[in-house]
Peer 1: 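There's a structure below that I have some questions on.
Letters A, B, ... mirror the listed sequences (proteins, then strands); counts begin at 1.
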There are 2 protein chains.
Amino acid sequence: MATIYEVSKLAGVSLATVSRVMNNNANVSDATREKVTRAMTELGYRPNSIAQSLASNCSNSVGLLVSELHGPFYGPMMSGIETAFRKQGKHVIIAAGHSNEEREQQAIEFLISRNCDALILHVEAISDDYLIELSKGKTPFVLINRYIAELSSRCIILDNVKGGYLAAKYVLEQGHTDIAYISGPLWKKDAQDRLTGHKQALAEYNLSFNEQLLYQGDFMEDGGAAGFQYLHNNGPQFTALICANDEMATGAMATARECKLKLPEQLSIMGYDNVFFTRHVYPPLSTINYPINEMGRMAADWVLSNVYQKNTPPLQTLFEPELIIRQSVLTHPQ
Amino acid sequence: MATIYEVSKLAGVSLATVSRVMNNNANVSDATREKVTRAMTELGYRPNSIAQSLASNCSNSVGLLVSELHGPFYGPMMSGIETAFRKQGKHVIIAAGHSNEEREQQAIEFLISRNCDALILHVEAISDDYLIELSKGKTPFVLINRYIAELSSRCIILDNVKGGYLAAKYVLEQGHTDIAYISGPLWKKDAQDRLTGHKQALAEYNLSFNEQLLYQGDFMEDGGAAGFQYLHNNGPQFTALICANDEMATGAMATARECKLKLPEQLSIMGYDNVFFTRHVYPPLSTINYPINEMGRMAADWVLSNVYQKNTPPLQTLFEPELIIRQSVLTHPQ
DNA sequence: TTGTACGCGTTATCAG
DNA sequence: CTGATAACGCGTACAA
């Protein structure tokens, strides 16, 4: 592999000059620039990015931590991020945290030890304190789907109370009044917010929230299944079920069907996230759109702007949810 | 950030010795090892992985190229790969090729320019010739889901003709004789193989393959939809439809339902891949399992073994498909 | 067992 | 506009 040194010899210039033309930096006369580029192509020269990193103290890599590499939610997010970075010649190193505090911490340390210039984190288990502490370190990071007041400018989030509100309002508009709710783990901010929005809508309709119709799930399929089972057996009657995310809605649908309920005739179901497979379940699931792809891209833009000083479109940290109507919610016969 | 130099000073030893204890390499007396480690923790020393890479000519990074970062198929694959590598302190750089020849090439060049020690490629559009040429370069790579005779030992593949055979056989066993088939793009080896297996099963049942019941799809949802539409309007009658992958099966199901067919009563449908959402469609889709997660892990083991000389479990390049029975195929009434 | 000295391929700081 | 030359932080023959 040719080095900058050989190029300089062949072009009859110094190392510094070659470096200059590579980086389009200082003023170089067209003549010498020409000589150098010719030498480069002749030798098939390729810069050694590692040497560049060492010398410039910039690895051009950003670490991306998600809970799972599979899972319908993270794919579009990674996709938006990778696309944005590759256009700029940065590369992304991925790691999975598995929603587990220790593993999330390990992943972060791993990414930092890899000399990432910045981190994009979608973490769930790690504490606010840890992140606040981390923010004092030298590796900058953005948070997706997590709000910490002290770090607010680096938090890219969805307006979850609005989302919860939209879901409930839509169901209410269809005439339902007995509405069950399977929430996420309520120690999570997003789960709380969605529930808050839900209650707001109820209040607008002068309906009081019935604690008997609440089940705290885990954002996973099994939680939805268990939730439906529990509510079906122990709770009061309900004609609609709102789940705090699509996976739980899916689990609930499967279990409801096992209980011989006809969907959506005997039970309207509403999800949240608009994960791609919601179109394919039966009946197609009405849900709330979570623009995770755009949010990923925005996280990338944040890094591009704040770490690499690139020009980017204006940054935005709060995103809006949107109602997606399909066929899983029926008008309630009066 | 402390460097090896400061550690050596504090420990009262030379740079080389510090380096030695870091790499557990040469013989170092317990006493000095002790001194050094103490100095390291006291300074909170962290090795600079970039400097290590430059000096050792090993970046400890492997490039992973998939078609899409989203999409149900690649998630489990990336997951298996990332897990295997992180255990060994290697990191994975991801890139998306978008099933497009030019972009796949760009991605490969990008990864190579990033000094990856090895590449794991799931490519679709790139030519065999390009890959054979690439194999002469200095960056080793493995191929997933692609067979090239000249590169056979680095091809990790599924026995697709067997998979095609299993799918057809199962449907035949249920008494169907009029079976439509939506294939993948037939210039792709895996699409061909699946169809070959399909025909084999038919032959075993003394049934001749009816070209009228074949539609060439694109492995995507729309292809399945178009395929069903076409076969439904133009083809002979059929009581079962086998699709060469789950996405097309999903598209076909949606369209069949739009055509007022009751599923699975009026049409049995079979998929291929066992992508995770097949459990959630309605009716739950019978399909062929593609152990992509394991295959990803195997690709990682290949790299660990061949590039990093780590001990790994025995390598395996050919994987077996498996029949997954759910509820989308009904016994055909005689 | 330990230390010296050089090399890895660039960038960056000065002079000129 | 261009050229020396010193970092960058570490691995590794080679010598001691």
Peer 1: Can you list everything that forms a salt bridge (Lys or Arg N to Asp or Glu O under 4.0 Å) with B:E101? Sequence neighbours excluded, please.
Peer 2: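 Applying salt bridge (Lys or Arg N to Asp or Glu O under 4.0 Å) to B:E101 gives none.
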
Peer 1: Using whole Å, what does the distance between atom P of nucleotide C:dG9 and atom CG of B:N115 come to?
Peer 2: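 My rounded result for the distance is 10 Å.
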
Peer 1: What residues from residues 48-55 of chain B pass a heavy-atom cutoff of under 4.0 Å to DNA chain D?
Peer 2: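 Heavy-atom contacts with DNA chain D come from B:N48, B:A51, B:Q52, B:A55.
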
Peer 1: For A:H122, enumerate each residue passing the ring pair (Phe, Tyr, Trp, His ring centres under 6.0 Å) test, keeping only those at least two apart in sequence or located in another chain.
Peer 2: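 Expected list: A:F73, A:Y74.
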
Peer 1: Look at the side-chain N and O atoms of A:Y45 and state whether any lies under 4.0 Å from the OP1 or OP2 oxygen of C:dT10.
Peer 2: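 Yes, because at least one side-chain N or O of A:Y45 sits under 4.0 Å from OP1 or OP2 of C:dT10.
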
Peer 1: Provide the full list of salt bridge (charged side-chain N to carboxylate O under 4.0 Å, His left out) pairs with a residue in residues 49-77 of chain A, sequence neighbours left out, each pair given once.
Peer 2: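 The answer is none; no pair qualifies.
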
Peer 1: Report the residues that fulfil ring pair (Phe, Tyr, Trp, His ring centres under 6.0 Å) with A:Y5, sequence neighbours left out, ordered by chain and then residue number.
Peer 2: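 Scan of A:Y5 (ring pair (Phe, Tyr, Trp, His ring centres under 6.0 Å), adjacent residues dropped) gives none.
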
Peer 1: Return the set of residues passing salt bridge (Lys or Arg N to Asp or Glu O under 4.0 Å) with A:R146 (not counting sequence neighbours), or none when no residue passes.
Peer 2: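 Here the qualifying residues are A:D128.
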
Peer 1: When the nearest nucleotide of DNA chain C is assigned to B:V13 and to A:I4 on a heavy-atom basis, which residue is associated with the more 5' position?
Peer 2: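 Nearest-nucleotide comparison on DNA chain C picks B:V13.
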
Peer 1: Through what angle, rounded to 10 degrees, does the axis of the helix from C:dT1-D:dA16 to C:dG16-D:dC1 turn between its ends, using five pairs per end?
Peer 2: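 The helix from C:dT1-D:dA16 to C:dG16-D:dC1 shows an end-to-end axis angle of 30°.
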
Peer 1: Test of understanding: with salt bridge (Lys or Arg N to Asp or Glu O under 4.0 Å), list the residues that count as partners of B:D190, not counting sequence neighbours.
Peer 2: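 Salt bridge (Lys or Arg N to Asp or Glu O under 4.0 Å) check on B:D190 returns nothing, list empty.
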
Peer 1: Quick one: salt bridge (Lys or Arg N to Asp or Glu O under 4.0 Å) partners of A:E104, sequence neighbours excluded?
Peer 2: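 Listed in chain order: nothing, the list is empty.
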
Peer 1: Can you run down the salt bridge (charged side-chain N to carboxylate O under 4.0 Å, His left out) pairs that involve residues 45-54 of chain A, sequence neighbours left out, and say none if there aren't any?
Peer 2: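 Every salt bridge (charged side-chain N to carboxylate O under 4.0 Å, His left out) pair that includes a residue of residues 45-54 of chain A, provided the two are not neighbours, is A:R46-B:E109.
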
Peer 1: Among C:dT10, D:dC1, D:dG9, which is the nearest nucleotide to the side chain of A:T3?
Peer 2: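 Per side-chain heavy atoms of A:T3, the pick is C:dT10.
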
Peer 1: Filter on side-chain hydrogen bond (donor to acceptor under 3.5 Å, both in side chains), then keep only pairs touching residues 303-319 of chain A, sequence neighbours left out; what's left?
Peer 2: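 Applying side-chain hydrogen bond (donor to acceptor under 3.5 Å, both in side chains) to every pair that reaches into residues 303-319 of chain A, excluding sequence neighbours, yields A:D117-A:Y308.
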
Peer 1: Just the atom pairs and distances: protein N or O near nucleotides 14-16 of chain C's N or O, under 3.5 Å.
Peer 2:
none

